[in-house]
Asker: 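There's a structure below that I have some questions on.
Every chain is numbered from 1 and lettered A, B, ... according to where its sequence line falls, protein lines coming before strand lines.
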Amino acid sequence: MFPQSDAAAQAEMPLLAGLNPEQRAAVTLPPEPALILAGAGSGKTRVLTTRIAWLLQTGQVSPGGVLAVTFTNKAAKEMLTRLTAMLPLNARGMWIGTFHGLCNRLLRAHHKLANLPQTFQILDTQDQLSAIKRLYKQHNVDEERFPPKQMQWFIAGCKEDGERPRDVAVHDGDARRKVEIYQLYEEQCQREGVVDFGELMLRSYELLRDNDAVREHYRRRFRHILIDEFQDTNRLQYAWIKIIAGLPAEGGGGAIMAVGDDDQSIYAFRGARVGNMADFVREFHVQHQIKLEQNYRSHSHILDSANQLISHNKKRLGKELRTDQGTGEQVRVYEAPSDFAEAEWVVDEMRQLVKGEGHERKEIAVLYRSNAQSRVLETQLFNAGVPYRVYGGLRFFERAEVKHALAYLRLLENPRDDTSFLRVVNFPPRGIGARSIEQLQDAARDAGTALVDAVGNVPGKAGGNLAAFVARIDVLREQTEGQTLREIIERTLDDSSLLEHYRAERDGADRVENLEELVNAAESFVTQEGFGRDAVALPVDETAGLTQSPASQGLDPNAPLLDERLPEPPPPVDTDTGETRSPLAAFLTHAALEAGDNQAQAGQDAVQLMTVHASKGLEFDAVFITGLEEGLFPNEKAMSDFEGLEEERRLMYVAITRARKRLYLSHAQTRLLHGQTRYNIKSRFLEELPEGSLKWLTPRHGGFASMMPGAHSGANHARPAWGNSAIYPDMVASAAPLPPRKAEPAHGIRAGIKVFHTKFGEGQVMAVEGAGDDARAQVDFPRHGLKWLALAVAKLTVVE
DNA sequence: CAGGTCCCGTTTTTT
DNA sequence: ACGGGACCTG
């Protein structure tokens, strides 16, 4: 699109220096729909940010015309950081954020049109569940019949499909009841002025769908839309993109760039639809598809392994990673007799990496399929005195004491937030028991009001206590009026007696610390997000600016002069979080949309432990992928269908591509799971790797089908001697003593052997668990698939 | 209201 | 095995 030669373009565009041809092509695509297939480690974020910088620098767009959407706050922050490092620019006008963050921004700006109070609060998953449970009590819903968790899943699913209660197809009585509950839940949320995560998306989608002026306004404004991790979008998110961009058929569908990798799609279980990629190409008439296949991360033994593994998937858009970095080391594979021994081995290897080869601990990661696997590893690391860090678990803003404090703060903003009301009405305890609360809830239901408004209807002592609580909040609200965020929070912690309560508690020290940390978090929020500087923005009026024609609005001061006039960014909301409200309100939104770090002891040079899912997007010099066993990885629960297995394989692909220089793969013959020893055979994924890129640290034998020699007849394993000595004579010395073990099961069914079933025919035993009458075996029948069979019932004969 | 007991679930997770 | 939540009792 530029007439200059490459060299000339580069001279003028230092931004483009150092990009490979595909990357440069992607960055400089014309303003038309495009799909970038970005392989792992191919410089995706760099392309995205350089694209934006290039568009700005060449004057094709002003900051206000950019909409960039990510999934996580981390990714959004990263994009913004890199962008501001590239170009000195005012990031204010840019809309870079997560789907939910941007939706929040839209809804705040147009709260009236969206039929929400400006102070609407956001329910996180916990809050949502408690809201549902509360609803159940009010309407006598049977928790047994409609488990709240399931209901929550149902509601989230409906919203992800864009369905309101009236849109849900009903086939039977149970379904009708579920939809009724969904309806009641919606009414409750509306009454209380709260929205859940799904609602943020759906409500803003509907806002755009139902208001022509608003929709047209944003379509005109956002001249360039970029979407990261497109393979992870769900149905509603894609619909949202379509409505904000406009399809070509509707005269829209201009410069929209979707970046993604179908091979790294690992979130189908939470609604992600890889199919959106193909739909996008079709519906936006995509003419530009670019594959980024040059990998800048890993050596080629590692990449070859990843490529070969993923080639076993049938459903792919097709892509192969390559590198200039040389072959590097082979992938090391280890078979351990037990999960315990596997963990020991991991720790030994790590010591060698750190002490012997001078690797930093934080450059070493141990990945596993499920969180339960971290335990053994942690024990070993702890005993060996190796500093480690586990990802996952409760995040800062999800901790009980922090949520209590936030509940008080939310009541200051919105007294009708019943979820928050109930959370703290008697916490710390102030003599308001279940009885009083019940009375209050009944009164509120009868009057059709929020709890706070029904307090006057509760007679006697209970009513007095409740009134005292409400008065306390009211006084706090008045007294903190106009104070800084820090002052508000400190005062709230004191006046609520939360601090006092935890200080008096025996094990309350951590909680007190977290509450103090909350003050710090608020403080850094204020400085980082610029509150206190110019937080008091214009009044929010969603019609302002929409009725006027763009031409009458003048130019964006940041916009370069172009022959084309750019519409001014929409008036009201435009700080980083889209807030125009008080710092407190902004902070509460921040807390709800960004739950904070979930890793302990940050900063220290520690080995990193995490699930494969959590590792996506990260990279390390050395990576251990542990527990490569059938049933665990690929996980049996994910393997009910073909799609499930392919997703597991993509998960393995993600895991492999985390490693820069060294990759270790391991599996254990036995593993303690849910208090029982399970006998697992090694993962099929190990068989799907290129033999030449692997280095077996333990003797290799047999294939997928022939595990555990010596186990193919019932007679052999009556021997209590746990049998590696026969198979791996060289391992006896090095292997750690095994933990005490129960005697061998008498039924003679063990993982790896072939059995015959009168109905299903011949099959292979994948796993055995339980003992005595409870013993069951998972058998893979060629014609019938995986089955769990109770050994006391099923007639299985061992096939020689 | 605290403190004990029973029972359930236990793949992956962000917002 | 183990932790969290619901439920019951003193």
Side-chain angles (χ1 to χ4, degrees), chain A residues 69-76 97-104 122-130 133 137 143-144 147-150 153 156 159-160 195-202 204 228-229 232-234 236-237 265-272 339 367-376 379 391-395 397-398 400 426-436 505-506 589-596 598 610-617 627 631-640 644 647-648 650-652 654-655 671-678 739 769:
Chain A
V69 196
T70 64
F71 270 87
T72 63
N73 291 296
K74 201 173 152 201
T98 62
F99 275 104
H100 293 86
L102 296 170
C103 287
N104 171 61
I122 299 165
L123 297 186
D124 68 14
T125 324
Q126 290 175 26
D127 298 332
Q128 190 188 24
L129 189 63
S130 59
K133 287 182 180 167
K137 294 225 169 77
E143 287 209 15
E144 303 274 280
K149 277 251 175 64
Q150 218 167 291
W153 184 80
K159 293 189 180 183
E160 275 174 17
V195 299
D196 59 45
F197 288 129
E199 188 68 25
L200 279 174
M201 283 296 324
L202 182 52
S204 63
D228 192 19
E229 305 279 17
D232 288 340
T233 49
N234 64 33
L236 179 56
Q237 284 157 343
S265 157
I266 55 173
Y267 287 113
F269 72 91
R270 65 174 197 211
D339 52 347
L367 310 185
Y368 35 80
R369 177 66 234 275
S370 76
N371 285 306
Q373 289 168 251
S374 75
R375 213 192 165 87
V376 210
T379 312
Y391 283 63
L394 265 199
R395 319 193 26 240
F397 287 115
E398 292 167 354
N426 195 38
F427 194 92
R430 50 175 71 88
I432 300 175
R435 202 58 234 286
S436 314
E505 212 176 66
R506 281 163 283 109
T589 299
H590 168 78
L593 288 179
E594 195 165 349
N598 62 1
M610 67 192 81
T611 63
V612 179
H613 281 94
S615 77
K616 187 165 168 230
L632 197 63
F633 197 5
N635 193 280
E636 65 197 11
K637 295 205 170 126
M639 289 217 293
S640 48
E647 179 149 318
E648 291 292 298
R650 291 193 290 270
L651 207 42
M652 180 67 184
V654 167
R671 184 173 294 276
L672 207 55
L673 193 66
H674 309 322
Q676 284 184 320
T677 303
R678 294 190 36 157
E769 61 177 39

Asker: What I want to check is whether an N or O donor and acceptor connect the side chain of Thr611(A) with the base of dT13(B) at under 3.5 Å.
Answerer: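 By the distance-only test, no, there is no pair.
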Asker: Calculate, to the nearest 0.5 Å, the distance between atoms CD1 and CD belonging to Ile266(A) and Glu648(A) respectively.
Answerer: 10.0 Å
Asker: Separation of Met652(A) atom CE from dT12(B) atom P, in whole Å?
Answerer: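 Checked: the CE to P distance equals 18 Å.
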Asker: So if I define the base as every atom that isn't primed, P, OP1 or OP2, how would nucleotides 1-11 of chain B read as a B/S/- string at a heavy-atom cutoff under 4.0 Å?
Answerer: SS-------BB
Asker: Can you list the residues that meet the ring pair (Phe, Tyr, Trp, His ring centres under 6.0 Å) rule with Tyr368(A), with sequence neighbours excluded?
Answerer: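 Tyr368(A) satisfies ring pair (Phe, Tyr, Trp, His ring centres under 6.0 Å) with no residue once adjacent residues are dropped.
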Asker: What residues, two or more places apart in sequence or in another chain, satisfy ring pair (Phe, Tyr, Trp, His ring centres under 6.0 Å) together with His613(A)?
Answerer: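 Testing His613(A) for ring pair (Phe, Tyr, Trp, His ring centres under 6.0 Å), a comparison that skips the adjacent residues, returns Tyr267(A), Phe269(A).
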Asker: Rounded to the nearest Å, what distance is computed from the NE2 atom of residue His100(A) to the C1' atom of nucleotide dT14(B)?
Answerer: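 My rounded result for the distance is 8 Å.
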Asker: Applying salt bridge (Lys or Arg N to Asp or Glu O under 4.0 Å), name anything that partners Asp339(A), two or more places apart in sequence or on another chain.
Answerer: none
Asker: Would you grab the first and last nucleotide of DNA chain C (5' to 3') that comes under 4.0 Å of any non-hydrogen atom in chain A?
Answerer: dA1(C) to dA6(C)
Asker: For Gln150(A), check side-chain contact (heavy atoms from CB on, under 4.5 Å) against everything at least two apart and list the hits.
Answerer: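 Scan of Gln150(A) (side-chain contact (heavy atoms from CB on, under 4.5 Å), adjacent residues dropped) gives Pro147(A).
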Asker: Mind checking Phe269(A) for me? I need base, sugar-phosphate or nothing, with any heavy atom below 4.0 Å counting as a touch.
Answerer: base
Asker: Rounded to the nearest Å, what distance is computed from the CD atom of residue Glu636(A) to the C1' atom of nucleotide dT12(B)?
Answerer: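 The distance from CD of Glu636(A) to C1' of dT12(B) comes to 14 Å, rounded to the nearest Å.
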Asker: Could you tell me whether the side chain of Glu647(A) and the main chain of Gly644(A) form a donor-acceptor pair under 3.5 Å?
Answerer: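 Here the side-chain-to-backbone pair does not exist.
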Asker: Can you check the Phe197(A) CZ to dT14(B) P distance for me, whole Å?
Answerer: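 That distance rounds to 11 Å.
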Asker: Taking Lys616(A) first and then Asp232(A), would you say they form a salt bridge - that is, a charged N and a carboxylate O separated by under 4.0 Å?
Answerer: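 Yes, Lys616(A) and Asp232(A) are salt-bridged.
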Asker: Figure out the NZ/P separation between Lys616(A) and dT15(B), and round it to whole Å.
Answerer: 12 Å
Asker: With centres under 5.5 Å and planes under 30° as the test, does Phe99(A) stack with dT15(B)?
Answerer: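 Here Phe99(A) fails the 5.5 Å or the 30° condition.
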Asker: If only atom types and distance count, is the side chain of Arg650(A) paired as donor or acceptor with the main-chain N or O of Ser265(A) below 3.5 Å?
Answerer: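 Side chain of Arg650(A) to backbone of Ser265(A): a pair is present.
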Asker: Distance check needed: dT12(B) P versus Asp232(A) CG, whole Å only.
Answerer: 17 Å
Asker: Please determine if Arg270(A) and Glu160(A) form a salt bridge, counting it only when a charged side-chain N lies under 4.0 Å from a carboxylate O.
Answerer: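 No salt bridge links Arg270(A) with Glu160(A).
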Asker: In this structure, how many angstroms lie between the P atom of dT12(B) and the CZ atom of Arg270(A), rounded?
Answerer: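 About 13 Å, once rounded to whole Å.
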Asker: Within the 4.0 Å heavy-atom criterion, would you say Tyr267(A) contacts the bases, only the backbone, or no part of the nucleic acid?
Answerer: sugar-phosphate
Asker: Rounded to whole angstrom units, what separation is found between the CG atom of Asp196(A) and the P atom of dT14(B)?
Answerer: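 Whole-Å distance recorded here is 18 Å.
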